[in-house]
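Written below as structure tokens is the structure these notes are about.
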Amino acid sequence: MDNYQTKAAEWKKQEVEVIKNLASKYKLIGVVDMSGLPASQLLRIKAGIADFAELKMARKNLIKMALSELGNKDMDKVIEKIEGKVALLFTNEDAFKIFKILKKNIAYTKAKAGQIAPKDIIISAGPTNFMAGPMIGELGRVGIKTGAEGGKIVVKEDKLLVEKGDVINNE
């Protein structure tokens, strides 16, 4: 028995064993980034893959332990990629089919303060659905040039608000 298993809580040992059993049951293991994923979208994804895949969420250290205990040298490459909030996807299906299904279930959500921008966030020039009023000042504070036309706010020029990889702030 490994040293960590003699000192670890029983539930942690069980989690490691569950992950190892799933890994032996399926031929494909995928690492899924779960950061910022709303519960409603997670439930939709789980329902969409339930017939041919299992999604297992656990603490990343337990996932790393379980994968390292599989004795597969290729797992070291996977373990290196595990950062943040992740889940493991287990399946016997083709990886491209799984990717297509997951991609189909993507729903974009509002950016939240504290998240890291997955891509550049750009406010495009053009009309908005917002009524002219106090929001013009709020947009101006973050450097978005606006005006009012027909009682609605219009963005005058494109503005790069957050660069890919930067932390999104409250503004």
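Since the structure is predicted, the reported quantities are computational estimates derived from the model, not experimental observations. Note: hydrogens, waters and symmetry copies are ignored here, and every other heavy atom, side chains too, is used.
- Under the side-chain contact (heavy atoms from CB on, under 4.5 Å) criterion, Ile82 pairs with Val31, Lys60, Ile63, Lys64, Leu67, Val86, sequence neighbours left out.
- Scanning for side-chain contact (heavy atoms from CB on, under 4.5 Å) contacts around Asn92 gives Tyr26, Lys27, with sequence neighbours left out.
- Ile19 and Ala66 make their closest contact through CG2-CB, 3.4 Å (heavy atoms, listed as atom of the first residue, atom of the second, distance).
- In this view, Lys56 and Glu15 satisfy the side-chain hydrogen bond (donor to acceptor under 3.5 Å, both in side chains) rule, not counting sequence neighbours.
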Which donor-acceptor pairs under 3.5 Å do side chains of residues 142-162 form with protein atoms, sequence neighbours excluded?
from   : atom 1 : to     : atom 2 : distance (Å)
Glu149 : OE2    : Lys156 : NZ     : 3.4
Asp158 : OD1    : Ala125 : N      : 2.6

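- Atoms CE and CD1, from Met131 and Ile136 in turn, are 10.5 Å apart once rounded to the nearest 0.5 Å.
- In terms of the side-chain hydrogen bond (donor to acceptor under 3.5 Å, both in side chains) criterion, residue partners of Asp33 (sequence neighbours excluded) are, by chain and number, Ser35.
- The structure places CD of Glu93 at 11.0 Å from CD1 of Ile49, a figure rounded to the nearest 0.5 Å.
- Applying the side-chain hydrogen bond (donor to acceptor under 3.5 Å, both in side chains) criterion to Lys46, with sequence neighbours excluded, gives no partner residue.
- A salt bridge is defined here as a Lys NZ or Arg NE, NH1 or NH2 lying under 4.0 Å from an Asp or Glu carboxylate O, and Lys20 with Glu17 meets this definition.
- A donor-acceptor pair under 3.5 Å is absent between the side-chain atoms of Thr91 and the main chain of Leu28, judged by distance alone.
- For Phe99, the CZ atom counts as loosely surrounded, since its 6.0 Å shell holds 12 or fewer non-hydrogen atoms of other residues, nucleotides or ligands.
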